[in-house]
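Down below is the structure, laid out as structure tokens.
Note: hydrogens, waters and symmetry copies are ignored here, and every other heavy atom, side chains too, is used.
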Amino acid sequence: VQLQASGGGLVQPGGSLRLSCAASGSIFSINNMGWYRQAPGKQRELVALISSGGYTDYADSVKGRFTISRDNARNTAYLQMNSLKPEDTAVYYCNAGVRKLEDGGVHEFDYWGQGTQVTVSS
């Protein structure tokens, strides 16, 4: 299973970006999908999370500005980021709880994407 993150880049304060995270490989289903970020010198933090049923949760710092969504048919999650601020600058990683059919049962495994750089600067 691979998670391919894309959509990062350089944007001015107040601008927008849309990140995508596509899962591929031997997938039975996907439980939670999420976006995390890590700024230089800081720990990785949760940005947004979406369950298989569409329940969402956000870090306080991004509420009202970021929207997470997913397309279950495409095994893809999205993060729409609006009103970006310099403090949003970080490497953004996607994460997914992937369920696989193995040994006669369904087992869940945690996967991470490779990270995509988001830089907010004038």
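- Residues Arg37 and Ser61 come closest through the heavy atom pair NH2-OG, 3.3 Å.
- Applying the side chain to side chain contact (heavy atoms under 4.5 Å, CB included) rule to Thr67 yields the partners Tyr58, Gln80; only residues at least two apart in sequence or on another chain are considered.
- At least one donor-acceptor pair under 3.5 Å links the side chain of Asp71 to the backbone N or O of Ala73.
- Rounded to the nearest 0.5 angstrom, Thr56 OG1 and Ile68 CD1 are separated by 8.0 Å.
- Residues forming a side chain to side chain contact (heavy atoms under 4.5 Å, CB included) with Ser83 (at least two apart in sequence, or on another chain): Arg65.
- With a 4.5 Å cut-off on side-chain heavy atoms, Arg70 and Cys21 do not count as touching.
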Throw together a table of side-chain donor-acceptor distances under 3.5 angstrom for residues 1-14, partners on residues two or more places apart or in other chains.
none

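- A pairwise comparison of heavy atoms in Ala59 and Leu46 identifies CB-O, 3.4 Å as the closest pair.
- In this structure, the separation between OH on Tyr93 and OG1 on Thr116 is 10.0 Å, given to the nearest 0.5 Å.
- The shortest side-chain heavy-atom distance between Met81 and Val62 does not fall under the 4.5 Å cut-off.
- A search for side-chain hydrogen bond (donor to acceptor under 3.5 Å, both in side chains) contacts involving Lys63 returns Asp60, not counting sequence neighbours.
- In terms of heavy-atom proximity, Asn75 sits nearest to Met33 at O-CE, 4.2 Å.
- Rounding to the nearest 0.5 angstrom, the gap separating the CG atom in Leu19 from the CH2 atom in Trp35 is 4.5 Å.
- The minimum heavy-atom distance between Asn82 and Ser16, with the atom names listed, is OD1-OG, 2.9 Å.
- Every residue two or more places apart in sequence or in another chain that forms a side chain to side chain contact (heavy atoms under 4.5 Å, CB included) with Ser29 is listed here: Arg99.
- The distance from atom CZ of Phe109 to atom OG of Ser26, rounded to the nearest 0.5 Å, is 9.5 Å.
- Judged as a ring pair (Phe, Tyr, Trp, His ring centres under 6.0 Å), and not counting sequence neighbours, the contacts of Tyr36 are Trp112.
- Closest of all the heavy-atom pairs between Ile30 and Ala96 is CG2-CB, 4.1 Å.
- Under a 3.5 Å cut-off, the side chain of Asn95 and the backbone N or O of Tyr111 do form a donor-acceptor pair.
- In this structure, Leu79 is a member of the same hydrophobic cluster as Leu84, with clusters built from ILVMFWY side-chain heavy atoms closer than 4.5 Å.
- To the nearest 0.5 Å, the span separating CG on Asn72 from CD1 on Ile50 amounts to 8.0 Å.
- Heavy-atom contacts from other residues, nucleotides or ligands closer than 6.0 Å to CD of Gln43 number 12 or fewer.
- The shortest distance between side-chain heavy atoms of Arg74 and Ser20 does not fall below 4.5 Å.
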